[in-house]
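Here's the structure we're looking at; comments come further down.
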Amino acid sequence: MATAKQTPSNHSPEAIAAVARSEVEDLSNETPWSPAVMARLNTYCHDLACAAVKRGDHFSGIFVSWCLRQAGFSEWEFPLFLAHRDYIRRGFRDERFVFKAMPFDAIRPARGDIISFSREGPLSFSRLVHTSNLFKLESTICLQANQTGLEGAIGNWPEGRIGRYALEMNESGYLKQRDEFQLVSILRLRSALGD
C-alpha cells in the first residue's frame with residue numbers, strides 16, 4: 001500500500017507538495033497504465049473509498065484528492081472530487097472551504113497550489129464558476145515555482161501516467177497563458193494567502 005514519505009506539518013503547502021513529489025518520484029518513469037501505476041491507482045481508490053479505476057478511466061481528480069488526504073486534510077475539509085471543476089467552484093463560492101479559487105493570473109503560483117487548465121478549448125474563470133456546465137479540466141499540484149517556470153505533479157496527463165508537468169511564467173512571474181490547454185485557475189490554501 002502506498003504511503004506518503006515524511007512530510008512537513010499537515011495543512012501546509014509544503015505537506016501537499018511533499019506528498020505529490022513523492023508520488024511523482026515513485027511513478028514518473030512508469031509507462032502508461034503499467035502494473036505499478038494501476039496498483040497505485042487501486043490504492044488511491046481504496047484509501048478514498050471510491051470505485052476502482054480501470055484502464056482508460058480518467059483519474060486526475062482522484063490523484064489530487066488522494067494527495068490532499070495524505071497531506072492531512074480530512075474528508076470534510078477536502079472531499080473526494082472526481083471533477084476538478086467541483087473543487088474550483090467550491091473554492092470560489094464557499095468561504096469555509098480550505099482553498100480559495102482565483103483566476104490563474106490573479107496571483108503568482110506557489111508550492112502547494114493547485115493549477116487547473118482546460119482540456120477543451122478556451123475557458124474563462126468567470127464562465128467556469130458562474131455556470132453549471134460540465135467543463136473538462138486537468139490540474140497540477142505545484143511542487144516548486146520560480147521566475148521562469150513551475151514544476152508540478154499531475155495524474156493522467158498524458159493519459160495513464162503520473163508524472164511531472166511544467167508551466168512557463170511571464171516576465172512578471174505570473175503563469176503565462178497558452179494557446180492550447182488554456183490555464184483557468186489557481187487554488188491556494190486560505191491559510192497561505194496572508195492578508
Side-chain angles (χ1 to χ4, degrees), residues 1-5 7-24 27 37-54 57-104 107 109-119 123 125 127-143 152-157 162 165 183-193:
M1 180 169 286
T3 57
K5 294 180 180 150
T7 60
S9 63
N10 291 343
H11 292 86
S12 71
E14 291 77 18
I16 297 166
V19 170
R21 181 177 300 283
S22 175
E23 291 304 289
V24 167
L27 297 166
V37 169
M38 293 304 295
R40 191 64 58 92
L41 293 176
N42 287 331
T43 297
Y44 297 166
C45 293
H46 175 269
D47 291 352
L48 294 168
C50 67
V53 172
K54 300 178 299 302
D57 285 352
H58 199 75
F59 63 82
S60 55
I62 292 170
F63 173 76
V64 171
S65 294
W66 186 86
C67 287
L68 270 286
R69 200 64 49 79
Q70 294 301 306
F73 292 84
S74 69
E75 183 176 354
W76 180 84
E77 293 169 312
F78 198 92
L80 169 62
F81 288 106
L82 297 178
H84 305 284
R85 65 183 172 266
D86 295 333
Y87 56 74
I88 295 166
R89 287 173 177 153
R90 184 155 177 206
F92 178 75
R93 296 173 181 161
D94 184 354
E95 291 289 324
R96 295 170 298 168
F97 190 50
V98 294
F99 282 88
K100 180 175 179 154
M102 296 162 273
F104 82 93
I107 57 173
R111 181 178 293 125
D113 287 350
I114 302 169
I115 295 103
S116 299
F117 58 93
S118 174
R119 288 191 283 136
L123 174 63
F125 179 79
R127 184 170 171 224
L128 171 64
V129 298
H130 293 297
T131 69
S132 59
N133 296 1
L134 304 177
F135 300 109
K136 295 179 182 176
L137 303 170
E138 289 294 340
S139 294
T140 185
I141 297 172
C142 180
L143 303 177
I154 196 163
N156 207 44
W157 192 264
I162 295 168
Y165 194 74
L183 299 166
V184 178
S185 73
I186 292 180
L187 273 87
R188 180 165 295 167
L189 279 172
R190 290 182 188 274
S191 62
L193 284 170

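Since the model is a prediction, treat every value here as computed from it, not as a measurement. Numbers here are sequence positions counted from 1.
- Of all the heavy atoms in Cys142 and Ile115, the pair that sits closest is CB-CD1, 3.9 Å.
- Counting only heavy atoms from C-beta outward, the side chains of Phe99 and Phe78 approach each other to under 4.5 Å.
- Partners of Phe104 under the ring pair (Phe, Tyr, Trp, His ring centres under 6.0 Å) rule, at least two apart in sequence or in another chain, do not exist in this structure.
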Trace of the side-chain contact (heavy atoms from CB on, under 4.5 Å) decision for Arg119 with Phe135 | CA-CA 8 Å; Arg119 288 191 283 136; Phe135 300 109; over 6 Å; no
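- Formation of a donor-acceptor pair under 3.5 Å by the Ser22 side chain with backbone atoms of Ala18 is not found in this model.
- At a threshold of 4.5 Å between non-hydrogen side-chain atoms, the residues Trp66 and Val19 count as touching.
- In this structure, Cys67 and Ala20 approach most closely via the heavy-atom pair SG-CA, 4.0 Å.
- The side-chain heavy atoms of Leu137 and Leu123, taken from C-beta on, include a pair separated by under 4.5 Å.
- Side chains of Tyr165 and Phe117 form a contact here, defined as non-hydrogen atoms less than 4.5 Å apart.
- Taking NZ from Lys54 and CG from Asn42, the interatomic distance works out to 11.0 Å, rounded to the nearest 0.5 Å.
- Considering only residues two or more places apart in sequence or on other chains, Arg93 meets the side chain to side chain donor-acceptor pair (under 3.5 Å) condition with none of them.
- Put simply, the side chain of Ile186 reaches to within 4.5 Å of the side chain of Ile107, judged on heavy atoms.
- Taking every heavy atom of both residues into account, Val24 and Ala153 meet most closely at CG2-CB, 3.2 Å.
- Among pairs with a residue in residues 65-91, those fulfilling salt bridge (charged side-chain N to carboxylate O under 4.0 Å, His left out) read Arg90-Asp94, at least two apart in sequence or across chains.
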Trace of the side-chain contact (heavy atoms from CB on, under 4.5 Å) decision for Ile114 with Leu68 = CA-CA 10 Å; Ile114 302 169; Leu68 270 286; 4.1 Å; yes
Mind running side-chain contact (heavy atoms from CB on, under 4.5 Å) on Val98 and Trp76 for me, showing each step along the way?
-> CA-CA 10 Å; Val98 294; Trp76 180 84; 5.8 Å; no
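- Close placement of the Phe92 and Phe125 rings is indicated, their centers lying within 6.0 Å of each other.
- For the pair Leu193/Met102, a side-chain contact is recorded, criterion being any heavy-atom separation below 4.5 Å from C-beta on.
- Remark: His130 engages no residue in a side chain to side chain donor-acceptor pair (under 3.5 Å) (not counting sequence neighbours).
- Side-chain contact between Ile141 and Arg21 is absent, with no heavy atoms from C-beta onward closer than 4.5 Å.
- Residues Glu23 and Tyr44 bring a donor and an acceptor atom of their side chains to less than 3.5 Å of each other.
- Considering only heavy atoms from C-beta on, Asp113 stays 4.5 Å or farther from Leu187 through its side chain.
- Rounded to the nearest 0.5 Å, atoms CG (Leu48) and OG (Ser65) are 6.0 Å apart.
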Between Cys45 and Ile62, is a side-chain contact (heavy atoms from CB on, under 4.5 Å) present by the stated rule, with each step listed?
-> CA-CA 7 Å; Cys45 293; Ile62 292 170; 4.1 Å; yes
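- Taken to the nearest 0.5 Å, the CG atom of Leu82 stands 4.5 Å off from the CG atom of Leu80.
- Side chain of Arg111 to main chain of Pro13: no donor-acceptor pair is present (N/O by atom type, distance under 3.5 Å, no hydrogens or angles).
- Residues forming a side chain to side chain donor-acceptor pair (under 3.5 Å) with Ser60 (at least two apart in sequence, or on another chain): His58, His84, Glu138.
- Minimum interatomic distance between Ile88 and Ser185 (heavy atoms only, all atoms of both residues): CD1-OG, 3.4 Å.
- Ion pairing of Lys100 with Glu95 is absent here, as no side-chain N (NZ or NE/NH1/NH2) approaches a carboxylate O to less than 4.0 Å.
- Evaluation of the side chain to side chain donor-acceptor pair (under 3.5 Å) rule for Ser116 yields Ser139 as partners, not counting sequence neighbours.
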